[in-house]
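To keep things clear, I will list the structure first and then write my remarks on it.
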Amino acid sequence: MSALRRLWALREDRPALVYGTLAVLAFFAVYPVLDRWLRGGGVAVPFEYYDWGALSGGVDRWYRGEVVYWKQGDFGYHASYLYLPAYLLAFVPFFELQQTGALTWLPIVENPFDVGAVAWNTFTFGLLWVGLQLVIAECGLRLRLYERALLAWLLLGFQPLLYSVKLGQASSFLAAMFCFAFVAMERGEAGDDRQSRLVSGALTTVGSAMKPFYATSGAHLLRDRDRFTGAVVGGLVLVALSFGVFGVENHLTYLDVLAWGKGWGTDPAPPWLWHAGYYRPLYVLADVSPYLSMAVRALGLLAVIAVSLLARSADADRETFALGLVAIPFFAPQAYTHDYVALLPAVVVLLAVEFARENGRPLLPVLALWLLNVQAYGIKLVVHHLPDGFPAADTLVQATPILQPGLWGNLVLLGLAGYRVAELAPRLPVGEVPAGDADTADAEGATGAAASE
């Protein structure tokens, strides 16, 4: 039975889930057409590939023997390549393609630069599409051929992903790495396959080392020594490759890029200074004091680490994996809507977790995903497009810091994943521990008592 048929078969037992999910799927299916209409009206962001310009510009500077990072005085490293030098190697084939001038006959490109951007987007989008299908399969659901095609269209209907494509960003690539890391984790645990566990850790490093604030994605590494070892070895290999190919000077400058930072201790931009990537979940706290929001982030990160460690003896791999991903944009010093793309595998995993529970709430991740989707233009609607004379318009604009749809979507995912992990932690009085985990907790208690005697 296809996934859609299985969903429809639940309409009498779980009507809210079925009709809510279908409504969200319909929204995603219509969104690419809506986006084209909004672009025609000058509302939505066009395909301009600004970030691909920075990525390919780093390759170009490397070819010319220059430092790959470009600093513009008081503007810092804006518009420059910003990541660990080793990642430049991923962009080289697409830069070479645009240098040849090939494929400019395609209707979706206007010049050789567009060729590189479109090729990069196509490759990384395809990786993510394949990765999500593998995640879905690991969670026990096989898609029919037409559902695989539909998945590709629905991905284009996820505004943060479409925005990432318009920029030529690396978000799809990183999310794909997390998909493959999850698949390797599942196969490593199911077959007691140490090699797969090592690969899972290494892929997690590849997916997070490009943007260091993605490090919470490694929460599941705290549960398994092999995955942790794979992550460390993968990081060492990545750094060694980076130094070996790009030398010391580029890495010293990279440290300056990190010090330049992504918003630690700076005053936040309010939502009414809108842009399509705007996301500031802790704006209200940062507006009081940037250091207050920093403290909350630090405590939140410590809580993710603590609950992951406390649940390491329970069967909580999936829950912890999802928790690490959904924590990324919420606790980042400065995240953007395209960082929501990394949450896609987490949403699939949480759906599987909730479906597997007798008292699960699978509609929550579905609604959270929709809220993430409407973050950008939901805010823009309030800030720029309320009709004249709309009641309490000024109040609504001033309330946008707490009305950010993405804030609530992210909170739902973070709260759900965090609760599920805490629920499985034997030492935390949260929820009801399943029988198998209760037995584990009793065994641990007995062992501890025997040791103390």
Side-chain angles (χ1 to χ4, degrees), residues 76 82-84 174 178 201 204-205 207-223 227-228 231-232 235 254-271 277-312 316 319-340 342-343 346 368 372 375 401-402 404 406-423 425 427-430:
L82 296 175
Y83 310 126
L84 184 71
L174 301 183
F178 295 136
T204 302
T205 294
S208 58
M210 177 179 275
K211 300 183 178 183
F213 65 89
Y214 276 35
T216 58
S217 65
H220 71 101
L221 304 176
L222 302 175
R223 298 180 43 78
R227 294 202 296 265
F228 186 83
V232 172
Y254 177 60
L255 293 178
D256 189 51
V257 171
L258 293 178
W260 175 67
K262 295 289 288 182
W264 289 116
T266 59
D267 293 329
Y278 185 90
Y279 180 53
R280 299 293 182 272
L282 298 179
Y283 173 86
V284 174
L285 299 179
D287 192 41
V288 175
S289 168
Y291 300 103
L292 178 59
S293 65
M294 289 170 62
V296 170
R297 288 186 178 98
L299 291 173
L301 293 173
L302 289 174
V304 170
I305 293 171
V307 74
S308 300
L309 288 172
L310 288 170
R312 68 188 182 277
E319 293 84 350
T320 307
F321 185 92
L323 175 61
L325 292 185
V326 299
I328 290 172
F330 196 85
F331 295 119
Q334 185 169 303
Y336 298 96
T337 54
H338 56 70
D339 292 309
Y340 295 161
L343 277 56
L372 296 177
Q375 161 74 8
I402 60 172
Q404 296 179 72
L407 163 63
W408 295 102
N410 201 170
L411 268 176
V412 167
L413 294 173
L414 186 60
L416 180 62
Y419 185 85
R420 292 309 184 203
V421 176
E423 195 174 30
R427 296 180 179 85
L428 292 179
V430 176

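All of these numbers come straight from a predicted model, not from anything done at the bench.
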Look up atom [atom1] in [X] and atom [atom2] in [Y], then write down how far apart they are to the nearest 0.5 Å.
X      : Y      : atom1 : atom2 : value
Leu325 : Leu174 : CG    : CG    : 11.0 Å
Leu285 : Met294 : CG    : CE    : 13.0 Å
Ile402 : Leu407 : CD1   : CG    : 9.0 Å
Thr205 : Leu221 : OG1   : CG    : 6.5 Å
Leu258 : Leu82  : CG    : CG    : 9.5 Å
Phe178 : Leu343 : CZ    : CG    : 10.0 Å

Please check if the side chain of [X] supplies one atom and the backbone of [Y] the other of a donor-acceptor pair under 3.5 Å.
X      : Y      : result
Arg227 : His220 : yes
Arg280 : Ala335 : yes
Gln375 : Tyr278 : yes
Asp287 : Val284 : no
Arg223 : Ser308 : no
Ser208 : Ala215 : no

On a heavy-atom basis, which atom in [X] and which in [Y] lie closest, and how many Å separate them?
X      : Y      : answer
Ile328 : Ala342 : CD1-CB, 4.4 Å
Phe213 : Ala332 : CD1-CB, 3.4 Å
Ala316 : Ala311 : CB-O, 4.2 Å
Ala417 : Val326 : CB-CG2, 4.1 Å
Ala209 : Tyr254 : O-OH, 4.3 Å
Ala327 : Val304 : CB-CG2, 4.2 Å

Flag for Arg297-Ser293: side-chain donor and acceptor within less than 3.5 Å: yes
Distance-only donor-acceptor check, side chains Asn410 and Tyr340, under 3.5 Å: no
Derivation of the side-chain contact (heavy atoms from CB on, under 4.5 Å) call for Leu413 and Leu323: CA-CA 8 Å; Leu413 294 173; Leu323 175 61; over 6 Å; no
For Asp339, the option from Tyr279, Tyr214, Phe330 that meets side chain to side chain contact (heavy atoms under 4.5 Å, CB included): Tyr214
